[in-house]
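Below, chains carry the letters A, B, ... as their sequence lines are ordered, and counting in each starts from 1.
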Protein chains: 2
Amino acid sequence: MANDNKMNLVILGLLDHEDLTGYDIKKRIDGSLRYFWKGSFGSIYPALSSLEENGLIKRVKSKSNASGRERIVYSITSEGRESLLGWLTESKSSNSLKYETLLKVYFGGAADNVAAIATINEFEKEVEADLAVLRTYKDNLSKVLNERDHVFYYLTVIFGIETYEAYLRWCSEAKRILLDRKYMGNKR
Amino acid sequence: MANDNKMNLVILGLLDHEDLTGYDIKKRIDGSLRYFWKGSFGSIYPALSSLEENGLIKRVKSKSNASGRERIVYSITSEGRESLLGWLTESKSSNSLKYETLLKVYFGGAADNVAAIATINEFEKEVEADLAVLRTYKDNLSKVLNERDHVFYYLTVIFGIETYEAYLRWCSEAKRILLDRKYMGNKR
DNA sequence: GGATTATATATCAATTTGATATATCGTGCA
DNA sequence: TGCACGATATATCAAATTGATATATAATCC
């Protein structure tokens, strides 16, 4: 069906739970999904159009009449659900990680250690803030694991916690190493 | 200078160490950088052209003459080095993570637990293989940390180890949770 | 009442992906 | 000697994505 692009699948997955507008989808991506996924309006709206054209989703409400703000609510179709299921049962996945932070550390030899330490500090600050949020999510979800859907959300939350804690351990260790060698032969 | 796209910076960082061809750059990205960065030929060659046009890099050798295979070796210029340094001293970085694995787990409620477990198993297998490689890198680098450049490489390697170990802990825990609830209310 | 923020869709240039095309070089092996 | 195969090497393309911007209405705050 050639609908194997990632945004299509994110949309199908979200619509499988509830009807949503493009704007709602963006909020979900920036909310629950933010610890393992990213996406922008520039890919959401074209994906919605293409999915609708192919009959995988349909619009259920669209109020652009009279004095109403335009608002297009989409719903998944049975074809869409089928496509989602096909994707979920392919166990092969491709994960794309691009850490600008690590890139700066890798090339850090071209500047002094202070620059690399500042980069790590900035990263550490963000991770600490996110980790605090993830921990409250975990506490709340722990109480409702009797509902099946919550279990899957819970699994992604503990993934975030596990990896963010790893980030923090690395930040400490990396800064320690850089400080220990602060005056080590610097080209500049 | 508007040369703030990511591939430009990867290229400048790599050329700061040694002269390289586009193909060499791809090998470095798929080699030492692969645990925290990705990039394809389709972005490397256009970036090389644009960097050359703007005087941040220059070609030092180019053998397309007579019976020679075409081979364009690039070198960084002082303007390029300046641009690299400017980027390295901006501590703000943007990290883009897209785990298809986690997306499938998050939407896992639409299929049975077996599908999610298979997805996790596949991920676990790849992580284990990569982790073994990272550990040998670490062992080898540990012996040469007296050279400054090795320190920065070492830091990215221990980042990989720390996060990959976190992935494996999560895989075990996630599978345990899913197996415990294997027969929990499945829509299908 | 006026300012600001949230809701909402849409588009654009620039970048990136993933695939494909093309051609040469080096190595193993039969 | 030939020839198949993998590595080297550049380049391009459609499709997807980013990050920004434009436009407009609704809700909230002071």
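Residues in residues 106-132 of chain A take part in these ring pair (Phe, Tyr, Trp, His ring centres under 6.0 Å) pairs, two or more places apart or across chains: A/Tyr106-B/Phe36, A/Tyr106-B/Tyr153, A/Phe123-A/Tyr167. Identified under the salt bridge (charged side-chain N to carboxylate O under 4.0 Å, His left out) test for residues 48-59 of chain A, with sequence neighbours left out: A/Glu52-A/Arg59. Sorted by first and then second residue, the salt bridge (charged side-chain N to carboxylate O under 4.0 Å, His left out) pairs with a member in residues 114-123 of chain A read A/Glu122-A/Lys125, A/Glu122-B/Lys92; sequence neighbours excluded. For residues 29-45 of chain B, every residue pair satisfying the salt bridge (charged side-chain N to carboxylate O under 4.0 Å, His left out) rule, not counting sequence neighbours, is listed here: B/Lys26-B/Asp30, B/Arg34-B/Asp130.
At C/dT9, one or more side-chain N or O atoms of A/Tyr45 fall inside 4.0 Å of OP1 or OP2 (strictly under the cut-off).
With a 4.5 Å cut-off between side-chain heavy atoms of Ile, Leu, Val, Met, Phe, Trp and Tyr, the cluster of B/Val73 takes in B/Val60.
Applying the side chain to side chain donor-acceptor pair (under 3.5 Å) criterion to B/Ser75, with sequence neighbours excluded, gives B/Asp19. Under the ring pair (Phe, Tyr, Trp, His ring centres under 6.0 Å) criterion, B/Trp170 pairs with A/Phe159, not counting sequence neighbours.
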Distance-only donor-acceptor hits, side chain of residues 131-144 of chain B, under 3.5 Å, sequence neighbours excluded:
| unit_1 | atom_1 | unit_2 | atom_2 | d |
| --- | --- | --- | --- | --- |
| B/Arg135 | NH2 | B/Glu165 | OE2 | 2.8 |
| B/Thr136 | OG1 | B/Val133 | O | 2.8 |
| B/Asn140 | ND2 | B/Thr136 | O | 3.2 |
| B/Ser142 | OG | B/Lys138 | O | 2.7 |

Return all side-chain donor-acceptor pairs below 3.5 angstrom for residues 41-48 of chain B, not counting sequence neighbours, or 'none' if the list is empty.
| unit_1 | atom_1 | unit_2 | atom_2 | d |
| --- | --- | --- | --- | --- |
| B/Ser43 | OG | B/Ser40 | O | 3.1 |

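In this entry the distance linking CZ of B/Arg71 with P of D/dT10 reads 7 Å, nearest Å. At whole-Å resolution of the value, CD in B/Glu70 and P in C/dA23 are 13 Å apart. Taking atom CG on A/Leu48 and atom P on C/dA8, their separation rounds to 14 Å, with Å as the unit.
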Output a table of nitrogen or oxygen pairs between the protein and nucleotides 17-19 of chain D separated by less than 3.5 Å.
| unit_1 | atom_1 | unit_2 | atom_2 | d |
| --- | --- | --- | --- | --- |
| D/dT17 | OP2 | A/Asn5 | OD1 | 3.4 |
| D/dT17 | O3' | B/Lys98 | NZ | 3.2 |
| D/dT18 | OP1 | B/Lys98 | NZ | 3.0 |
| D/dT18 | OP2 | A/Ser40 | N | 3.3 |

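For the contact set between residues 20-32 of chain A and DNA chain C, defined by any heavy atom under 4.0 Å, the members are A/Thr21, A/Gly22, A/Tyr23, A/Asp24, A/Lys27.
A 4.5 Å side-chain heavy-atom check between A/Leu85 and A/Arg81 finds every atom pair outside the cut-off.
Helix-axis bend for the helix from C/dG1-D/dC30 to C/dA30-D/dT1: the local axis fitted to the five terminal pairs at one end deviates from that at the other end by 30°, rounded to 10°.
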